[in-house]
Enquirer: 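Please read through the structure below; I'll follow up with questions.
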Amino acid sequence: MKLKLLLLLSLIAGTATAQFTTFQSPSTQWALPAFPDNTVVFTPKEYKDSVTKYYPTIIYFHGTGEAGTDVNKLTSNYLLGRIKSGWEPQATNPVTGKLEKFIVIAVQDAGGWSPYPAAMRYAWKYTVATAMKGLRVDTNRIYTTGLSSGGQTSVMYACWDSTFAGKIAAVVSLSPAALEAQAVQNLPMFAKYNTPVWFISGSTDGNTDYAKAYTTTINNAGGYAWTTVYPGGHGGWDAMYNGTTTRVVNGKTLNIYEWMLLNSRGPAPVAPVDTTTTPPVIPTKKLLITIKVYSDGTTENIPAQ
């Protein structure tokens with residue numbers, strides 16, 4: 001399967017540099033609706049030098065305004081727009097107190113909505129296995145987030161079926177559109193696999209009722225879901241991706257990135273040990289022996305002093 005590389009961008013804002021790798025998944029092998037087209041991958045500047053480090057990863061689902069085939073529409077707003085301006089997605093881990101940086105993967109839906117679970121899964125596999133083989137993703141810390149239609153698909157991706165359920169560490173869904181019936185039926189999977197979901201939606205946004213209903217369903221199943229309602233309608237998502245919107249967890253005020261890092265499915269992968277190194281040579285001590293020969297033909301070994 002041949003990778004069609006479109007471009008490699010270095011976007012400079014001040015002294016900061018954000019690097020996207022953009023390519024096309026072979027979408028002709030995937031049927032409508034909502035097949036993937038452009039795929040954008042962001043890696044931190046330190047990535048190329050930190051060869052043994054695995055990174056928490058955000059899968060970003062755009063809204064209908066970013067759909068299409070013009071990749072600039074995808075990278076000009078909200079999370080990717082902030083990255084394009086020079087910001088590296090990062091947060092202080094509330095568990096360890098250490099600063100951590102994220103890999104971000106986004107797929108632009110050419111069908112006018114937001115990538116559906118099967119299409120995104122296909123693009124994910126193509127990205128990790130073929131286009132950017134060896135991408136150092138911390139598979140215990142994969143998070144989904146999106147807005148509007150992407151708020152819908154970010155949730156559906158994590159509960160569409162048992163293939164990916166349990167592989168997502170947490171979900172942040174902004175103003176989600178109504179879920180497909182299959183996803184509504186599978187909302188209890190969030191409880192089964194202990195995957196928390198944070199919904200954020202406006203007080204006059206018609207989608208807020210969906211967020212509240214899904215929160216109730218997940219919690220009634222024994223899961224962990226919350227809805228944060230902010231003043232306003234369908235929009236204002238820059239506040240979430242800029243880190244302005246927060247919630248208090250165990251006495252700590254967390255933005256969405258800090259809250260993501262609060263959740264992990266397990267410890268970070270450990271880089272394989274290089275077993276090809278030649279073991280050190282241990283020098284041997286020479287032992288000198290003097291052999292004394294007597295007149296009768298007998299001998300005596302006399303160790304060196």
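Keep in mind that what you see is a predicted model, and the values were worked out from it rather than measured. We number each residue from 1, following the sequence as shown.
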Enquirer: Does OH belonging to Tyr224 count more than 12 external heavy atoms closer than 6.0 Å?
Expert: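 Open: at most 12 neighbouring heavy atoms sit under 6.0 Å from OH of Tyr224.
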
Enquirer: Supply the atom-to-atom distance Ile83 CD1 to Ile58 CD1, rounded to the nearest 0.5 angstrom.
Expert: 7.5 Å

Enquirer: I need the single residue from Asn72, Leu79, Leu74 that forms a side-chain contact (heavy atoms from CB on, under 4.5 Å) with Lys84. Which is it?
Expert: Asn72

Enquirer: Compare every heavy atom of Asn93 with every heavy atom of Val95, then report the nearest pair and how far apart it is.
Expert: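 That would be N-OD1, 2.8 Å.
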
Enquirer: Is the closest basic N to carboxylate O distance between Lys53 and Glu46 below 4.0 Å?
Expert: yes

Enquirer: Just one of Trp87, Trp198, Tyr143 clears the ring-ring contact (aromatic ring centres under 6.0 Å, His included) bar with Tyr257, so which one?
Expert: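 Looking at Trp87, Trp198, Tyr143, the match for Tyr257 under the ring-ring contact (aromatic ring centres under 6.0 Å, His included) is Trp87.
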
Enquirer: Around atom NZ of Lys125, are there more than 12 heavy atoms of other residues, nucleotides or ligands at under 6.0 Å?
Expert: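 12 or below, so no.
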
Enquirer: Aromatic rings Phe164 and Tyr157: how do their planes relate, parallel, tilted or perpendicular, breaks at 30° and 60°?
Expert: perpendicular

Enquirer: Ser201 and Asp205: which non-hydrogen atoms are nearest, and at how many Å?
Expert: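 Shortest heavy-atom separation between Ser201 and Asp205 comes out as OG-OD2, 3.6 Å.
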
Enquirer: Stepwise, does the salt bridge (Lys or Arg N to Asp or Glu O under 4.0 Å) test hold for Glu100 with Arg141?
Expert: CA-CA 12 Å; Glu100 298 203 51; Arg141 296 190 296 171; 2.8 Å; yes

Enquirer: Mind checking whether Met156 and Met189 sit in one hydrophobic cluster, side chains of I, L, V, M, F, W, Y counted as touching below 4.5 Å?
Expert: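 Met156 does not cluster with Met189.
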
Enquirer: Using modelled atom types and a 3.5 Å cut-off, is there a donor and acceptor pairing between side-chain atoms of Arg82 and backbone atoms of Tyr241?
Expert: yes

Enquirer: Going through the checks in order, is the side chain to side chain donor-acceptor pair (under 3.5 Å) test met by Arg136 and Thr52?
Expert: CA-CA 8 Å; Arg136 297 192 306 278; Thr52 61; over 6 Å; no

Enquirer: Over all heavy atoms of both residues, which pair between Leu261 and Pro94 is shortest? Give the atoms and the distance, please.
Expert: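 Smallest interatomic distance, heavy atoms only, reads CB-CD, 4.1 Å.
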
Enquirer: With a 4.5 Å cut-off on side-chain heavy-atom distances among I, L, V, M, F, W and Y, is there a chain of contacts connecting Met260 to Tyr193?
Expert: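 Met260 does not cluster with Tyr193.
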
Enquirer: Does His62 use its side chain to pair, donor to acceptor, with the backbone of Asp109 at less than 3.5 Å?
Expert: yes

Enquirer: Apply ring pair (Phe, Tyr, Trp, His ring centres under 6.0 Å) to residues Phe42 and Tyr60 and explain how you reach the verdict.
Expert: CA-CA 11 Å; Phe42 167 80; Tyr60 173 72; over 10 Å; no

Enquirer: Are Gln90 and Leu99 side-chain neighbours, meaning at least one heavy-atom pair lies under 4.5 Å?
Expert: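 In short, these two side chains touch, coming nearer than 4.5 Å.
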
Enquirer: For Gln185, I'd like to know if atom CD has over 12 heavy atoms of other residues, nucleotides or ligands within 6.0 Å.
Expert: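 For Gln185, atom CD is not crowded (no more than 12 foreign heavy atoms under 6.0 Å).
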
Enquirer: Say whether Val249 and Met240 are linked into one hydrophobic cluster, either directly or through other cluster members, by side-chain heavy-atom distances under 4.5 angstrom.
Expert: yes

Enquirer: Are more than 12 heavy atoms from other residues, nucleotides or ligands located less than 6.0 Å from atom NZ of Lys212?
Expert: no

Enquirer: Please check if Val184 and Val171 belong to a single hydrophobic cluster, counting links between Ile, Leu, Val, Met, Phe, Trp and Tyr side chain heavy atoms closer than 4.5 Å.
Expert: yes

Enquirer: Please find the pair of heavy atoms, one from Thr64 and one from Ser149, that lie closest to each other, and give the distance.
Expert: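 Scanning both residues, the minimum pair turns out to be N-OG, 3.3 Å.
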
Enquirer: Does the side chain to side chain donor-acceptor pair (under 3.5 Å) test come out yes or no for Ser50 and Tyr55, once each step is laid out?
Expert: CA-CA 10 Å; Ser50 56; Tyr55 290 82; 2.4 Å; yes

Enquirer: Please check if Met132 and Val128 belong to a single hydrophobic cluster, counting links between Ile, Leu, Val, Met, Phe, Trp and Tyr side chain heavy atoms closer than 4.5 Å.
Expert: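 Same cluster: Met132 reaches Val128 through Ile, Leu, Val, Met, Phe, Trp or Tyr contacts under 4.5 Å.
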
Enquirer: Checking Tyr116 against Glu180 for the side chain to side chain donor-acceptor pair (under 3.5 Å) test, could you report, in this order, the C-alpha distance in whole Å, the side-chain angles of both residues, the deciding distance, and whether it holds?
Expert: CA-CA 10 Å; Tyr116 262 54; Glu180 298 283 352; 2.6 Å; yes

Enquirer: Determine the interplanar angle of the Tyr210 and Tyr214 rings, folded into 0 to 90°, and report it as parallel if under 30°, tilted if 30 to 60°, perpendicular if over 60°.
Expert: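 Aromatic pair Tyr210/Tyr214 classed parallel.
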
Enquirer: As an exercise, state the distance from OH of Tyr230 to OG1 of Thr204, rounded to the nearest 0.5 Å.
Expert: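 Interatomic distance, Tyr230 OH to Thr204 OG1, rounded to 0.5 Å: 8.5 Å.
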
Enquirer: For Gly223 and Ala191, which heavy atoms make the closest approach, and how far apart are they?
Expert: N-CB, 3.3 Å

Enquirer: Output, in order, the C-alpha distance, side-chain angles, deciding distance and verdict of side-chain contact (heavy atoms from CB on, under 4.5 Å) for Arg265 and Ile142.
Expert: CA-CA 9 Å; Arg265 306 215 67 86; Ile142 300 174; over 6 Å; no

Enquirer: Give a yes or no answer on whether the side chain of Ser148 reaches the backbone of Gly150 with a donor-acceptor pair at less than 3.5 Å.
Expert: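 No; judged by distance alone, with no hydrogens or angles, the pair does not exist.
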
Enquirer: Ignoring hydrogens, what is the shortest heavy-atom contact between Trp113 and Ala177? Give both atom names and the distance.
Expert: CZ2-CB, 4.1 Å

Enquirer: Distance check, rounded to the nearest 0.5 Å: Gln152 atom CD versus Ser114 atom OG?
Expert: 7.5 Å

Enquirer: Just how far is it from atom CG of Asn207 to atom OG of Ser173, taken to the nearest 0.5 Å?
Expert: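 Reported value, rounded in 0.5 Å steps: 9.0 Å.
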
Enquirer: Starting at CG of Leu147, measure out to CG of Leu174 and round the result to the nearest 0.5 Å.
Expert: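 Going from the CG atom of Leu147 to the CG atom of Leu174 covers 6.0 Å.
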
Enquirer: Between Glu66 (side chain only) and Gln108 (backbone N and O only), is there a donor and an acceptor less than 3.5 Å apart?
Expert: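 Pair absent, no side-chain N/O of Glu66 close to backbone of Gln108.
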
Enquirer: Measure the OG1-CZ distance between Thr215 and Phe190 for me, rounded to the nearest 0.5 Å.
Expert: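 The CZ atom of Phe190 is 10.5 Å from OG1 of Thr215, to the nearest 0.5 Å.
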
